[in-house]
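The structure appears right after this line, and notes come after that.
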Amino acid sequence: MINITLPDGGIKQFDQPPTGLDVAQSISEGFARNCVAMVLDERLMDLDRTIDGDGAVRFITTKDPEGLEIMRHSAAHVMAQAILRLYPDAKLTIGPVVEEGFYYDIDMPPVSEEDFARIEAEMKKIVQEKLPIRREEVAKDEALRIYRDEPYKLEMLKDLADGTISIYRQGDFFDLCRGPHVPHTGFVKAFKLMKASGAYWRADQTKAQLQRVYGIAFFDKKDLKAHLAFIEEARKRNHRRIGTALDLFSFRDEAPGMAFFHPKGMAIWNALLDYWRLEHRAAGYVETKTPILLQRKLWERSGHWENYRENMYTAVIDEIDYAIKPMNCPGGMLLFGRKHHSYRDLPVRAAEVGLVHRHELSGVLNGLFRVRAFHQDDAHIFMTPDQIQPEILGVLRLVDKIYSTFGLGFHLELSTRPAKSIGTDAQWETATEGLKAALAEYGADYKVNEGDGAFYGPKIDIHIKDALGRTWQCGTVQLDMSLPERFDLSYIGADNERHRPIMIHRVIYGSIERFFGILVEHFAGQFPLWLAPVQAGVLPLNDDLLPFARSVAERLETLGIRTEVDHRSESLNKKVRDAQLNKIPLILTCGNKEKESGTISVRTLDGQVRQGVPMASFEQLVLDNISRRTLSFDGLQG
RNA sequence: GCCGGCGUAGCUCAGUCGGUAGAGCAGCUGAUUCGUAAUCAGCAGGCCAGCGGUUCGAAUCCGCUCGCCGGCUCCA
């Protein structure tokens, strides 16, 4: 008699050792049909495994995230099987599940997306065949024999411990695999191949070039459809696309990886920085600016010449080596070090919107997200050890305030001391405890990445979440125990002795270029009023009303509202359409009605029109929304 | 940097088998003067990314260079 305990505490009894499937079926046929695997006494395994003794079983179904992961791994096998049917000489390597689906690295001739239809058709056949997926266990030497003609599998086998090796078989296909897998190929219901690229065996450029084919799979066609719709939405929101359409910025071959900002892009840029300065002044920061071209001796002192040189642009001027700054900190160190500081002056919060250049590899450039020249909203805070906690807390609160203004949620991650690091245990202890104490007082949950800190100190990274649920690391707060040392910074303490200040680097937008790009995608180009490049579009009903329209626009401009008159001799419909496509948040039409009554007719981007709004109250409302930085325009009656 | 794909008008794209460049939108001109998502007509706009080669002839085929896009961490 075998007793199986279920998660609800219920016990099922069996005369013979049952398989997982038997147990599932004893619950109900319908339930069993949706099971993909089981967890027996904490061990994840296939449903067809026999349970030899008493144990606790939990089933993984098509509803569980783990179930999806297992099925995607099976999908990778189905894809590999299909590819082998079409390319019999292909050699398989590895095929894991990743966040965005699955891939398989295969040694085969280059495949492109044109080949996907054939591979997918073959996969579809395999799915329809509902081939049972069976686990087999063989001794290692037997596995070595089976795979004698498969160089990659042999190499993997050699890395595995001796003993039994599991092989999964479905029809004419088998693959070395840890498992588990879904019971049969029919579970792979909704799938699509997404992209193909080159990848190296073991990510090593000196090794063979493989073809990596990516796919995505779901249990339900609806989920696949939703996923594809998400990708389409992200494509539509792509900041490069919107940046071109709305005339915000561009890139040119003459300066690869360095953005040109157009007048409309600069309107947003300046609004971002105006706001940033407002909050930083309020938080007790002063603003500085350091040169972008500095001599080699500075970079030697900071350590960048030794450690960061491949990424730096250098020049020889009057036979002296210079480098364009890839970071603002060394300049900031010079500023702090140029005079004596009393403990009474600390903390010094010195902000700098600094333009830095980094020579990134050409292949990693990506719109505004990854550039070679960008501005950091940097700040260096110099303080005493007991100021660590309040200062970090102050940064976290500032971060919270600023991100909230954009409607961006975020989470925090703490990175601790890496294997290779400078500083004493005591210093790391003080530093890390200071960060933790600040995090505790701030009160949000955070993730800890052990050993992920910089060599010169621990850090807190801030990851924002945009309107599509994608996360981006923007802000970071890093403690630095190296630079104050290298620049021999000091302050005079209450004891009249020299002391080394604690220093942090922190950014909130991070790269302003990148943050700009994220905002474009987050808002899909439809910026809140305070950020919109053109806040009000004034549309005269006909050419005779153009002077009136201009007078309205002039009035708004005087109040500091960014306004544009559509002076074209086009139909009103056309002007409205173009204003909508240009995402102008307030569209004002000027006809005789408005001219005679001193009112305004306002159309917002949701298509709603309010007529007869008194000009004075409209102006007040607009200024109020701008100064409150509302995410959506509010207070308009009618 | 490496692998794959791509590069044609300001933008989006067509261009067959190698035969000498095309559309829509935007722009300009003229007509129209319109009440909330495209009025009509005309005009202009190109070293087909660059350089070299094959050819009687190259946007098209080949090579190199530059740039852009996707991928290059996920480990049976």
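In what follows, chains are A, B, ... by sequence order, proteins preceding strands, each numbered from 1.
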Touch check for A:L539, heavy atoms < 4.0 angstrom, all strands: base, sugar-phosphate only, or nothing? nothing
Interatomic distance where [atom1] belongs to [X] and [atom2] belongs to [N] [whole Å]:
| X | N | atom1 | atom2 | result |
| --- | --- | --- | --- | --- |
| A:F116 | B:G4 | CZ | P | 15 Å |
| A:L361 | B:G1 | CG | C1' | 5 Å |
| A:H73 | B:A76 | NE2 | P | 7 Å |

Whether each nucleotide of nucleotides 25-41 of chain B has a protein heavy atom under 4.0 Å at its base (B), only at its sugar-phosphate (S) or at neither (-) is summarised, 5' to 3', as -SS----BBBBBBBB--
Across nucleotides 67-73 of chain B, 5' to 3', mark each nucleotide with B, S or - according to how protein heavy atoms within less than 4.0 Å reach it. SSSBBBS
Under 4.0 Å between a Lys/Arg side-chain N and an Asp/Glu carboxylate O for A:D452 and A:K447? no
Between the side chains of A:E570 and A:R577, is the shortest nitrogen-to-carboxylate-oxygen separation below 4.0 Å, so that they form an ion pair? no
Quick one: sort the A:F516 and A:F261 rings into parallel, tilted or perpendicular, breaks at 30° and 60°. perpendicular
Please verify the inter-ring angle class for A:H77 with A:Y168; under 30° counts as parallel, over 60° as perpendicular, anything in between as tilted. perpendicular
Can you tell me which residue among A:K153, A:Q81, A:R169 is in a side chain to side chain donor-acceptor pair (under 3.5 Å) with A:D175? A:K153
Could you list, one pair per line, each protein nitrogen or oxygen that sits under 3.5 Å from a nitrogen or oxygen of nucleotides 42-48 of chain B, together with the distance?
none

Check whether any side-chain N or O of A:S166 sits under 3.5 Å from a backbone N or O of A:C177 as a donor-acceptor pair, and report yes or no. yes
Centre of A:Y103's six-membered ring, under 6.0 Å away, within 45 degrees of the axis: is that where NZ or CZ of A:R212 sits? yes
For RNA chain B, write out the stems as range with range, using runs of 3 or more consecutive Watson-Crick or G-U pairs with both distances under 3.5 Å. B:1-7 with B:66-72, B:10-13 with B:22-25, B:27-31 with B:39-43, B:49-53 with B:61-65
Residues passing the side chain to side chain donor-acceptor pair (under 3.5 Å) test with A:E155, sequence neighbours excluded, are A:W201
Minimal heavy-atom distance between A:R72 and A:A217, with the atoms involved, is NE-O, 2.8 Å
Report all side-chain donor-acceptor pairs from residues 237-251 of chain A shorter than 3.5 Å, counting only partners two or more places apart or in another chain.
| residue | atom | partner | partner atom | Å |
| --- | --- | --- | --- | --- |
| A:R237 | NE | A:E233 | OE2 | 2.7 |
| A:R237 | NH1 | A:E521 | O | 2.7 |
| A:R237 | NH1 | A:H522 | O | 2.9 |
| A:N238 | OD1 | A:R240 | N | 2.8 |
| A:N238 | OD1 | A:R240 | NE | 3.2 |
| A:H239 | ND1 | A:E521 | OE2 | 2.9 |
| A:H239 | NE2 | A:L368 | N | 2.8 |
| A:R240 | NH1 | A:N366 | OD1 | 2.7 |
| A:T244 | OG1 | A:R240 | O | 2.9 |
| A:S250 | OG | A:H262 | NE2 | 3.2 |

